[in-house]
Amino acid sequence: MAIPQKGCRRMIKRITYGAPFDTEAVTGAYESWQGELPYFSQEEGRKFSYRMAEEDIVFGLGENVRGINKRGWIYESKCSDDPNHREDKRSLYGAHNFLIVDGKECFGVFFDYPGKLTFDIGYTDRNVMLIEAQTGDIDVYVIEGEGPEDIAKQFRGLVGRSYIPPKWAFGYGQSRWSYMNEDEIREVVKKHREAGIPLDSIYLDIDYMVKYKDFTVNEETFPDLAGFAKEMKEQGIHLVPIIDAGVKIEEGYDIYEEGMAGGYFCKEEDGSEFVAGVWPGRVHFPDMLNADARKWFGGKYKVLLDQGIEGFWNDMNEPAIFYSEKHLQEVFEQLEEFRGINLDNEASASLNRLVGGLSNNEEDYKLFYHEHKDGRVRHDKVHNLFGYNMTRAAGEAFEELEPNKRILMFSRSSYIGMHRYGGIWTGDNLSWWSHILLNLHMMPSLNMCGFLYTGADLGGFGADTTEELLMRWLELGIFTPLMRNHSAWGTRRQEVYRFTQTGSFQKIIALRYCLLPYLYSEYMKAALRDEMMFRPLSFVYAGDRFARRVEDQLMVGESIMIAPVYEQNAKGRYVYLPERMKLVRFRGPEDRKEEVLEKGHHYVDIALDEVVFFIRPDHLVPMSKGGSCVEKVDFDHLGLLGFVEKEGSYELYDDDGYSRDYESPSHYTQITVDAEGRISSGGEGSRKEFYLI
Ligand code: MIG
């Protein structure tokens, strides 16, 4: 355990090796430190090793597999389209190269490097952390501070303020690959409304387009998108279309033709446009690292904004490649060699390898180039920046096109820096119990790296879900800023009204809307102050040896601790309380039970349809009465749920939820509740009324 050292705030050193590529992850200029790299020994500015003490915990790496404590496995930063998030994977869709070591020594380290990085955190040698880059061109930032929380905050200050979505994006979203037409969506909305299940958004997956062409709308299935978006909005629903990274090659398709005319697509060494295969078949990739191409591509979102669309998700932007034209030709030729031969074990394995190696092949990432402001660069060297810059293209365009309005944007692939332009969802998980826990593990890791607007595909994307799995997952999902139920083509339908216990689902989702004043306030404070909304227990209860070991509970904002159930047939679970807390148990907004539990280990019964969370002493949770969509939620008359022993207090943030005016002091209200239950509130936002619940 690191002894918190006072008085060493803002201790960031940048150590530069070689000539690093400017990723623009860090905002503003930062002088390089001329001294030695602290903590690590290094070779060639490419390999960095740190000897870990037995008690060290390693936090970080954002979106990745395994626990909150990253020790014991080897990870890679290599944005990959991989729908099998098994424990033995090394990378997922994002590259988030920030770590905090907390133990004998305590420091944070950010490896600002756009290519592949390996983080061997006790894999080869249990006590050694070895970070290896491909080349010796890297910026390493070392951060010291008063403990992990302070270090994370300083890091966030370095990389800039996190993206802020519109308030409606904190509502419940229903998605499916794909809702095929207007009527199908009308039906989904109707079913939710009939069952009283709150809902704010419906997602349009790839089939709303014409032949998977970005910024087109299929007129047979969505004959009047503008009219339909308006109709939906009248029911409190926002339509959120997907945008893919690849642009279909097709004469007469305006985006393709403009991209060709402007020279905006990625090219091969000989100057011809690189051809990859993705959903539409043959595509070109817009050169997201080229400022002109970015401006052009970002401007295209206007096509949909003009039809009343207010939110988007950017997909396939690792970028995912089904095949490259070049490699495909080679494979076709090599296939000839298999014709007519006896496919024995070896031959059939190599046939499988040949065909299986077509998608997301590392060699293909070496075939194309970017025209970056600092010169031409081969894609594989800057691979992890592609999704980041696609989302930046959109984010920068929104600032120009909609300067006074927030637009929902989240991406699949990302790099630190992208958190300024959008959120992320955690990609193609599966309807597996272990992925509920994975969702929980990622939340604080992502927050550390700046990704606040984030969440998983609730219920699981791939594989068939079950009623129980979905319900348990939603009991975690009601706390995550992005709360979206999404599932893959061909899997069991998982809109909540399709199951038997629709009423229980309704109650769980309704509770989310009651918690919105708290969750929104916590989100906004975290974003505006460079703080984490989701923290591991050990960040808050430093020095508590049990808190340091907890991998399945989280602090959500300043008042709440959560301990979700993530096991099939569980009737409850063990929970560790690092201090005396109030347990609250909800079966819907109206049915609440409370009990005070002492510090220590407890077995807590949690029935399938119950939401349980814990309130810290002298903390408050402002709650609304709920609503069918965010717009219908009254944020001005709030119930205060609290655990008041001496005096409970809470700093509430609220704003209009649409404009980009975040700074006004009128957004804050200070609330206190004394031991007799007297409420007082002050601050410029004090027009709000409060009552005890
Ligand atoms: O190759 O658009 O992660 O959410 O439903 C699959 C179809 C492409 C991957 C995304 C997923 C989405 C799906 N997409």
Side-chain angles (χ1 to χ4, degrees), residues 63 79-85 89 91-94 173-180 184-185 188 201-218 221-222 239-248 276-283 285 304 311-323 356 358-361 364 386-387 390-391 408-414 418 422-432 435 438-439 442 453-465 473 477 480 482-495:
E63 182 183 274
C79 297
S80 325
D81 170 23
D82 187 342
N84 297 308
H85 302 177
K89 290 297 159 83
S91 55
L92 299 173
Y93 309 87
Q174 180 59 53
S175 186
R176 174 76 182 178
W177 171 19
S178 297
Y179 294 126
M180 298 303 284
E184 203 183 331
I185 292 175
V188 173
S201 50
I202 293 275
Y203 286 76
L204 301 180
D205 209 323
I206 40 176
D207 296 285
Y208 79 88
M209 298 182 245
V210 184
K211 293 189 270 179
Y212 312 122
K213 288 188 286 185
D214 279 338
F215 311 111
T216 66
V217 179
N218 184 333
T221 49
F222 293 91
L239 297 176
V240 185
I242 196 169
I243 305 292
D244 275 21
V247 170
K248 186 172 197 303
V278 205
W279 285 103
R282 298 165 75 246
V283 301
F285 290 126
L304 290 157
F312 302 88
W313 46 315
N314 280 348
D315 191 20
M316 304 295 274
N317 51 5
E318 294 69 32
I321 297 181
F322 293 173
Y323 57 84
L358 273 173
S359 61
N360 302 322
N361 189 308
D364 287 338
F386 192 88
M390 177 185 182
T391 299
L408 172 62
M409 162 52 67
F410 59 88
S411 173
R412 193 169 72 178
S413 186
S414 60
M418 201 213 84
I424 51 178
W425 91 100
T426 58
D428 298 348
N429 58 12
L430 289 147
S431 299
W432 289 355
H435 281 183
L438 185 61
N439 182 181
M442 283 185 193
Y453 191 75
T454 180
D457 286 351
L458 301 172
F461 176 74
D464 289 335
T465 200
W473 208 328
T480 63
L482 168 61
M483 182 193 179
R484 182 178 76 143
N485 175 336
H486 180 46
S487 55
W489 186 271
T491 60
R492 181 180 188 181
R493 305 296 299 228
Q494 63 188 41
E495 295 83 9

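Since we're looking at a predicted model, the values are computed, not measured. In each ligand, atom 1 is the first atom listed, and ligand 1 is the first ligand listed.
- At a cut-off of 3.5 Å, with distance as the only test, no side-chain donor of Thr465 or Arg492 sits close to an acceptor on the other residue.
- For His435, there are no side chain to side chain donor-acceptor pair (under 3.5 Å) partners, not counting sequence neighbours.
- Every residue meeting the side chain to side chain donor-acceptor pair (under 3.5 Å) condition with Asp81, not counting sequence neighbours, appears here in chain and number order: Arg412.
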Ile243/Asp214 under side chain to side chain contact (heavy atoms under 4.5 Å, CB included): CA gap, chis, key distance, verdict:
CA-CA 6 Å; Ile243 305 292; Asp214 279 338; 3.7 Å; yes
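- Listed by chain and residue number, the protein contacts of ligand 1 are Trp177, Asp205, Ile206, Ile242, Trp279, Trp313, Asp315, Met316, Arg412, Trp425, Asp428, Phe461, His486 (heavy atom within 4.0 angstrom).
- For Thr391, the side chain to side chain contact (heavy atoms under 4.5 Å, CB included) criterion is met by Asn314, Asn317, Met409, Ser411, Met418, Tyr421, not counting sequence neighbours.
- Gln494 and Asn485 are linked by a side-chain donor-acceptor pair at a separation below 3.5 angstrom, with hydrogens and angles left out of the test.
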